[in-house]
Amino acid sequence: MTHNVKIEAAPEVIARAGGEYRLKRYILVALMLAIGLWCMYDGFFKWPRYREEFARATPAQQALMVQPETDAALLINKVLAIGLISLSPLMLAFFLYNSRGEIRLAGGTLTAPGHPPVPLKQVVQLDKTKWDRKGIAYARYELGNSIKGKIRLDDFVYQYEPIHQIVDLIDADMGVPPKALGFPVEKSDGNA
């Protein structure tokens, strides 16, 4: 198949981390941390102190007080505190790693974090089985020296419009008419 010269002359398309993706992940991590801190306060400080006060109170005073939390409730609060507080920075690191860098298509070459630069003529398949439902496509490539891989093009993790432009340009390079159905799309060698 001849490489589409029009794609090489196309303007550079850059998809940076999606703002909505990162914002929702920041909120999730903040909630995990807040709940973990709340559980830590309840499980390690508030309820143990209250149990001591309850134990020191007279039976008449105890009748007027709220029953203290059980040992199981304290244990659950402690486990949640340790788990959520420990997990929140790991989740933040994962979310930032997942949306790191940018996906760029310039001069007929696709670049993405964790992948070598891939000329579009080396993209052998554009798997769009999840494209209509989830906005995820995979550009599978084969470079010299047996280097193979797939670049995830996700319109939620990265900016929506640029990812759609990149997928459309890969489709066009493969000779697929815009909005054609029947996925995944494999590049033909021109010997039909």
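Just so you know, these numbers use all the heavy atoms, side chains as well, and skip hydrogens, waters and symmetry mates.
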Starting from [X] and following side-chain heavy-atom contacts under 4.5 Å between hydrophobic residues (I, L, V, M, F, W, Y), which residues can be reached?
X: Leu75; result: Val79
X: Tyr41; result: Leu33, Leu37, Met40, Phe44, Phe45, Ile82, Ile85
X: Trp47; result: Tyr50, Phe54, Met65, Val66, Leu74

Contacts table for residues 138-151: side-chain donor-acceptor under 3.5 angstrom, sequence neighbours left out:
unit_1: Arg140; atom_1: NE; unit_2: Gln125; atom_2: OE1; d: 2.8
unit_1: Arg140; atom_1: NH2; unit_2: Asp127; atom_2: OD2; d: 3.4
unit_1: Tyr141; atom_1: OH; unit_2: His115; atom_2: ND1; d: 2.8

Heavy atoms only: give me the nearest [X]-[Y] pair and the separation to one decimal.
X: Gly101; Y: Pro113; result: CA-CG, 4.1 Å
X: Asp155; Y: Lys134; result: OD1-O, 3.8 Å
X: Ala15; Y: Tyr158; result: O-CD2, 3.4 Å
X: Leu126; Y: Leu153; result: CD1-CD1, 4.4 Å
X: Gly43; Y: Pro48; result: O-CG, 3.4 Å
X: Ile14; Y: Gln159; result: O-OE1, 3.7 Å

Cluster question for you: counting only ILVMFWY and a side-chain heavy-atom cut-off of under 4.5 Å, with indirect links fine, are [X] and [Y] together?
X: Trp131; Y: Leu169; value: yes
X: Phe94; Y: Val157; value: yes
X: Val167; Y: Phe156; value: yes
X: Tyr26; Y: Tyr97; value: no
X: Met91; Y: Leu31; value: no

Just jot down the salt bridge (charged side-chain N to carboxylate O under 4.0 Å, His left out) partners of Asp42, sequence neighbours excluded, or say none.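 For Asp42, no residue satisfies salt bridge (charged side-chain N to carboxylate O under 4.0 Å, His left out) once neighbours in sequence are set aside.
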Pairing residues for Arg51 by the salt bridge (charged side-chain N to carboxylate O under 4.0 Å, His left out) criterion, not counting sequence neighbours: Asp71
Do the ring planes of Phe95 and Tyr21 sit parallel (below 30°), tilted (30 to 60°) or perpendicular (above 60°)? perpendicular
Tell me, which pairs form a side-chain hydrogen bond (donor to acceptor under 3.5 Å, both in side chains) where one or both residues lie in residues 73-96, sequence neighbours left out?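 Residue pairs with at least one partner in residues 73-96: there are none.
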Only counting residues at least two apart or in another chain, list the ones meeting side-chain contact (heavy atoms from CB on, under 4.5 Å) with Arg133. none
Name all residues meeting the side-chain contact (heavy atoms from CB on, under 4.5 Å) criterion together with Leu23; count only those two or more places apart in sequence or in a different chain, and write none if there are none. Ile27
Quick one: do Asp173 and Lys121 make a salt bridge, cutoff under 4.0 Å? no
side-chain contact (heavy atoms from CB on, under 4.5 Å) evaluation trace for Lys128 with Ile136: CA-CA 7 Å; Lys128 293 174 61 177; Ile136 300 171; over 6 Å; no
Can you list every pair that meets salt bridge (Lys or Arg N to Asp or Glu O under 4.0 Å) and has a residue in residues 20-35, with sequence neighbours left out?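 Qualifying pairs: Glu20-Lys24.
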With sequence neighbours excluded, give me every salt bridge (Lys or Arg N to Asp or Glu O under 4.0 Å) pair touching residues 95-107.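 As it turns out, the salt bridge (Lys or Arg N to Asp or Glu O under 4.0 Å) pairs with a partner in residues 95-107, which skip direct neighbours, are Glu12-Arg104, Arg16-Glu102, Glu102-Arg104.
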Determine whether [X] and [Y] make a side-chain contact, defined as any pair of heavy atoms from C-beta on separated by less than 4.5 Å.
X: Val123; Y: Val118; answer: yes
X: Leu105; Y: Leu120; answer: yes
X: Ile166; Y: Ile103; answer: yes

List for me each residue that meets side-chain hydrogen bond (donor to acceptor under 3.5 Å, both in side chains) alongside Gln62, sequence neighbours excluded, and say none if there are none. none
Flag, side chain of Gln122 to backbone of Pro119, donor-acceptor distance under 3.5 Å: no
